[in-house]
Number of protein chains: 2
Amino acid sequence: MGTVTQESAKPPRAPAVTRRAVLDAATRLIEQQGVAGLSMRKLAAELGVAVTSIYWHVGNREALLDELVQEMVHGLDTLPASGTTPTARVLSLALELRRVLRAHPHLIGLVNERGLTPAMFLPSQRALVAEISAAGLRGTRAAETVRALQYHVIGFILVERHTDRSPEQHPSAEELWLAEPSADGDLAEALATPVDADRLFARSTEALVRSLLADQ
Amino acid sequence: MGTVTQESAKPPRAPAVTRRAVLDAATRLIEQQGVAGLSMRKLAAELGVAVTSIYWHVGNREALLDELVQEMVHGLDTLPASGTTPTARVLSLALELRRVLRAHPHLIGLVNERGLTPAMFLPSQRALVAEISAAGLRGTRAAETVRALQYHVIGFILVERHTDRSPEQHPSAEELWLAEPSADGDLAEALATPVDADRLFARSTEALVRSLLADQ
DNA sequence: TCCCGGGTGTAACAGTGTTACAGAAGGCTG
DNA sequence: CAGCCTTCTGTAACACTGTTACACCCGGGA
């Protein structure tokens with residue numbers, strides 16, 4: 001009934017491929033070509049094995065992806081917060097969350113498709129709750145603040161992920177803004193510059209945190 | 001070389017299907033079953049026609065999606081801003097942008113994949129630029145503000161789109177927070193409540209706008 | 001020796017996007 | 001009228017996808 005561990009003490013014939021090897025090869029394929037580039041036959045060919053062996057070890061394409069997602073979710077169990085002021089600590093949490101998620105850009109969509117988003121973000125949510133409580137917010141107000149921050153961070157990462165994957169923006173923002181007649185030349189020029197995502201994220205998140213943590 | 005309009009004055013044989021009909025049927029299919037549910041054969045069957053006719057009229061699956069995306073992009077040419085204070089006007093723009101984008105949840109991902117995000121958001125970006133200039137921001141600072149707001153709004157909508165499509169969150173946020181021992185009972189209870197996206201968006205966007213438009 | 005079960009392979013199913021090719025049907029020119 | 005040309009449709013195939021029914025091999029236990 002449970003999963004079969006080939007690493008235990010009774011491999012009768014030294015299997016040509018292990019569950020672990022399948023998962024690793026799948027990860028490699030996904031990182032190279034995206035989730036759509038993962039096909040069971042490619043996977044089998046990569047491992048020098050027939051397709052059915054893949055199915056024997058992981059059951060399914062869906063089950064395979066489930067497993068990878070589970071591993072990722074377990075991978076971000078504890079997020080550290082650094083800094084002294086509440087604003088700084090919340091900001092550091094957000095930066096850390098983005099850093100971790102950006103390491104697995106392909107899987108973030110899969111997590112949602114599997115309905116694991118709450119489970120995935122529970123640790124970070126817990127950490128956020130702690131910091132925001134420490135900042136003095138309580139009850140509904142605190143909950144709204146936590147959620148606002150989570151939506152902001154996850155949303156930013158989703159936008160990033162999308163723009164990363166579209167290699168050439170055909171009428172690029174640069175062309176569009178250079179052709180634009182404008183009163184504020186510096187502004188147009190700035191908008192014609194590629195986005196510095198790190199900086200933009202840090203700035204906008206800090207602005208949001210400041211505003212959310214301030215009494216209004 | 002250009003596109004052929006069947007509506008012009010020379011239809012020799014009253015075609016069994018028009019380009020327009022294909023686009024409409026595709027839109028219907030996508031709205032019902034998502035982009036992945038759009039197959040050329042389904043489309044042909046829906047219209048009572050062989051697959052090749054579809055290809056003749058729209059060329060390609062990719063070209064078909066391109067066309068739908070183009071239509072959507074043209075659909076949000078002008079966004080109205082209402083209100084008196086800069087903050088209120090920017091906020092109203094954000095709310096309007098979200099409202100329009102939520103009407104086409106399936107296409108928003110396609111727009112990015114096609115690298116049309118800059119073109120798509122140029123109108124809203126222009127409107128934002130006008131409001132933010134009116135608020136007194138200039139140059140690089142203004143550009144960063146515009147981008148921060150766009151990332152926030154688009155990101156929020158992407159998160160919404162994801163959570164909308166995952167029907168059952170298996171360990172739901174509710175269960176998780178009800179099982180959580182917590183010092184702030186009200187907070188845990190609030191986090192166990194489903195998200196009110198409208199309210200959350202309005203609140204968080206307003207917080208962000210306030211902070212971005214304030215001198216720091 | 002026989003059997004059982006873990007692990008693998010062959011070959012097929014239905015479904016996908018796409019296309020080479022054969023037509024049908026009307027308008028135009030000879 | 002014949003012939004051709006453009007527009008539009010259909011048949012059938014290609015390569016690819018996920019998935020599975022089935023046969024097979026081979027080592028260990030009885």
Side-chain angles (χ1 to χ4, degrees), chain A residues 1-26 29-30 32-69 106 110 113-114, chain B residues 1-26 29-30 32-69 106 110 113-114:
Chain A
M1 182 165 285
T3 56
V4 184
T5 43
Q6 282 78 11
E7 280 67 35
S8 59
K10 39 175 181 174
R13 206 179 59 186
V17 76
T18 37
R19 178 182 175 82
R20 190 65 259 159
V22 173
L23 294 174
D24 291 344
L29 264 177
I30 288 178
Q32 283 169 9
Q33 317 184 24
V35 182
L38 171 72
S39 97
M40 305 303 264
R41 284 182 174 82
K42 274 191 210 164
L43 203 47
E46 182 97 357
L47 294 166
V49 163
V51 207
T52 37
S53 295
I54 308 293
Y55 278 87
W56 195 91
H57 283 288
V58 297
N60 222 340
R61 189 184 129 107
E62 206 62 15
L64 199 173
L65 294 177
D66 281 348
E67 187 66 30
L68 295 181
V69 164
H106 306 291
L110 294 178
E113 284 173 15
R114 275 152 192 77
Chain B
M1 183 164 287
T3 56
V4 184
T5 43
Q6 281 79 11
E7 279 67 34
S8 60
K10 40 175 181 175
R13 202 179 61 189
V17 75
T18 37
R19 177 182 176 82
R20 189 66 261 154
V22 173
L23 294 175
D24 291 344
L29 264 177
I30 288 178
Q32 285 169 9
Q33 317 184 23
V35 182
L38 171 72
S39 97
M40 305 302 265
R41 286 183 173 82
K42 275 192 209 162
L43 202 48
E46 183 95 358
L47 294 166
V49 162
V51 206
T52 36
S53 295
I54 308 293
Y55 278 88
W56 195 91
H57 282 288
V58 299
N60 224 340
R61 190 185 129 105
E62 207 61 15
L64 200 174
L65 294 177
D66 281 349
E67 187 67 30
L68 295 182
V69 165
H106 306 290
L110 294 178
E113 286 174 14
R114 274 154 192 76

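The sequence lines fix the lettering, A, B, ..., with proteins before strands; numbering per chain opens at 1.
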Inset, instruction - Tell me whether the OP1 or OP2 atom of C/dG6 has a side-chain N or O from A/H57 closer than 4.0 Å. - result: no
Inset, instruction - Round to a whole Å and report the spacing from CD of B/Q33 to P of C/dT16. - result: 10 Å
Legend entry - Short side-chain to backbone donor-acceptor contact, B/H57 and B/V22, under 3.5 Å: no
Inset, instruction - Give a yes or no answer on whether the side chain of A/R61 reaches the backbone of A/L38 with a donor-acceptor pair at less than 3.5 Å. - result: yes
Legend entry - Results of side chain to side chain donor-acceptor pair (under 3.5 Å) for A/D24 - residues two or more places apart only: A/R20
Output one line per pair: protein atom, nucleotide atom from nucleotides 12-17 of chain D, and distance, for all N/O pairs under 3.5 Å.
| residue | atom | partner | partner atom | Å |
| --- | --- | --- | --- | --- |
| D/dA13 | N6 | B/R41 | NH2 | 3.3 |
| D/dT17 | OP1 | A/S39 | OG | 3.3 |

Legend entry - Closest to side chain of A/Y55, choosing from D/dT11, D/dT19, C/dG17: D/dT19
Inset, instruction - Rounded off to whole Å, could you give me the CG-to-C1' distance for the B/L43 and C/dT16 pair? - result: 14 Å
Inset, instruction - Output yes when at least one side-chain N/O atom of A/N60 is less than 4.0 Å from OP1 or OP2 of D/dG18, else no. - result: no
Legend entry - Candidates C/dG9, C/dG7, D/dT7 - which lies nearest the side chain of A/S53: C/dG9
Inset, instruction - Would you mind reading off the distance between B/R19 atom CZ and D/dT9 atom P, rounded to a whole angstrom? - result: 14 Å
Legend entry - Reported NZ-to-CG distance for the pair A/K42 and A/L29, which is rounded to 0.5 angstrom: 6.5 Å
Inset, instruction - State the CG-CG distance between A/N60 and A/D66, to the nearest 0.5 angstrom. - result: 8.5 Å
Inset, instruction - Please state how far atom CG in A/D66 lies from atom C1' in D/dG18, giving the value in whole angstrom units. - result: 15 Å
Legend entry - Interatomic distance, B/W56 CH2 vs C/dA24 C1' [rounded to whole Å]: 14 Å
Legend entry - Heavy-atom check, side chain of A/L47 versus side chain of A/I54, under 4.5 Å: yes
